[in-house]
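Along the sequence shown, residues carry numbers from 1. Predicted, not measured: the structure shown is a model, and the values here were computed from it. Just the heavy atoms: all of them, side chains too, but no hydrogens, waters or symmetry mates, feed the values below.
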Amino acid sequence: MSRIGKKPVELPSGVTATVSGQTVEVKGPKGTRSFTATDDVTITVDDSTVKVEPRGKSKRARQQWGMSRTQVANLVAGVTAGFKKELEIQGVGYRAAVQGNFLKLNLGYSHDVDFEIPAGVTVTAPKQTEIVVEGIDQQLVGQVAANIREWRAPEPYKGKGIRYKGEYIFRKEGKKK
């Protein structure tokens with residue numbers, strides 16, 4: 001039995017959820033998000049809770065049970081508080097700035113990197129060495145942060161590059177004389 005799946009998802013005040021078929025739509029102060037579940041689960045909305053139940057005892061139904069409940073919980077978290085990823089830039093001369101719909105990155109290349117900010121997320125650079133990615137879609141926020149980090153992933157010798165805030169980089173010793 002799924003320990004995650006059997007917990008109901010609480011809806012805070014100001015958040016409403018509607019179910020039509022297998023699609024759950026959650027509206028909150030930050031926006032609207034929806035999720036379409038597979039036919040292996042049944043989703044019901046009570047007063048201020050959303051419950052997910054498996055249809056049958058098959059392995060796939062039990063797998064989808066916990067996953068669907070987590071997806072609905074993430075929808076609720078996204079429309080109430082939103083999601084946020086923070087990135088740090090380390091390296092001499094490495095910097096970031098937001099100009100319009102582009103994130104301009106100086107990462108030691110012979111050219112500047114212009115990263116187009118996709119719709120659905122907001123990217124800010126409070127300092128030249130910090131980037132903050134925010135939005136209501138957890139998957140999109142994580143993907144945008146990963147795409148930015150991909151331009152110059154941290155290297156193990158000097159630790160230069162773009163890293164997640166608080167990320168530990170395993171450092172290697174350089175070559176000896």
Q.
Determine whether a donor-acceptor pair (N or O, by modelled atom type, separation under 3.5 Å) exists between the side chain of T80 and the backbone of A77.
A. yes

Q | Worked check of side-chain contact (heavy atoms from CB on, under 4.5 Å) between I89 and R95 | A | CA-CA 7 Å; I89 300 175; R95 61 181 51 98; 5.9 Å; no

**Q.** Distance (rounded to the nearest 0.5 Å) between N74 CG and R33 CZ
**A.** 9.0 Å

Q: Indicate if V76 and I4 have the same hydrophobic cluster label, given that clusters are the connected sets of ILVMFWY residues with side-chain heavy-atom separations under 4.5 angstrom.
A: no

Q.
Test side-chain contact (heavy atoms from CB on, under 4.5 Å) on E25 and T32; report intermediate values, then the result.
A. CA-CA 7 Å; E25 188 173 287; T32 304; 3.7 Å; yes

Q.
Can you tell me how far apart CH2 (W65) and CD (E53) are? Round to the nearest 0.5 Å.
A. 6.0 Å

**Q.** Nearest-0.5 Å distance, OG1 of residue T122 to CD of residue E134
**A.** 4.5 Å

Q | Non-hydrogen atoms of I169 and P154 that approach each other most closely | A | CD1-CG, 3.4 Å

**Q.** Taking every non-hydrogen atom, the tightest pair across S68 and V52
**A.** CB-CG1, 4.0 Å

Q) Are the side chain of R149 and the backbone of L87 linked by a donor-acceptor contact shorter than 3.5 Å? A) no

Q. Hey, quick one: are V141 and L75 part of the same hydrophobic cluster, counting side-chain heavy atoms closer than 4.5 Å, chains of contacts allowed?
A. no

Q | Worked check of side-chain contact (heavy atoms from CB on, under 4.5 Å) between V98 and I117 | A | CA-CA 9 Å; V98 177; I117 301 169; 4.2 Å; yes

Q) Which heavy atom of G56 sits nearest a heavy atom of A61, and at what distance? A) O-CB, 4.1 Å

**Q.** Any donor-acceptor N/O pair, R55 side chain to D39 backbone, under 3.5 Å
**A.** yes

Q. Under the 3.5 angstrom rule, does the side chain of Q22 hit a backbone N or O of T38 as a donor-acceptor pair?
A. yes

Q: With rounding to the nearest 0.5 Å, note down the distance linking CG in D40 to NZ in K59.
A: 13.5 Å

(Q) Count I, L, V, M, F, W, Y as connected when their side-chain heavy atoms are under 4.5 Å apart, and connections chain through other members. Are V24 and I136 then in the same cluster? (A) no

Q | Heavy-atom side-chain contact between E116 and N101 under 4.5 Å | A | yes

Q) So, for Q90 and G159, which heavy atoms are closest and what is the spacing to 0.1 Å? A) OE1-O, 3.7 Å

Q. Rounded to the nearest 0.5 Å, how far apart are CD of E10 and OG1 of T49?
A. 6.0 Å

Q) Is it true that atom OH of Y109 has more than 12 heavy atoms of other residues, nucleotides or ligands lying nearer than 6.0 Å? A) yes

Q: Taking all non-hydrogen atoms of both residues into account, name the closest pair between A96 and L103 and its distance.
A: CB-CD1, 4.3 Å

Q. Can you name the nearest heavy-atom pair linking V9 to A73, along with the distance?
A. CG1-CA, 4.0 Å

Q. Distance from E150 atom CD to F115 atom CZ, nearest 0.5 Å?
A. 9.5 Å

**Q.** Joint hydrophobic cluster, L105 plus V132, side-chain heavy atoms closer than 4.5 Å
**A.** no

Q: Check whether any side-chain N or O of R171 sits under 3.5 Å from a backbone N or O of Y157 as a donor-acceptor pair, and report yes or no.
A: yes

Q: Following the transitive rule for hydrophobic clusters with a side-chain heavy-atom cut-off under 4.5 Å over Ile, Leu, Val, Met, Phe, Trp and Tyr, establish whether L11 and V19 coincide in one cluster.
A: yes

Q: Determine, step by step, whether K165 and E130 satisfy the side-chain contact (heavy atoms from CB on, under 4.5 Å) criterion, reporting the C-alpha distance in whole Å, the side-chain angles of both residues, the deciding distance to 0.1 Å, and the verdict.
A: CA-CA 9 Å; K165 191 168 201 155; E130 288 182 9; 4.1 Å; yes

Q. Is a side-chain donor or acceptor of Y94 paired with a backbone partner of I162 at a separation under 3.5 angstrom?
A. no

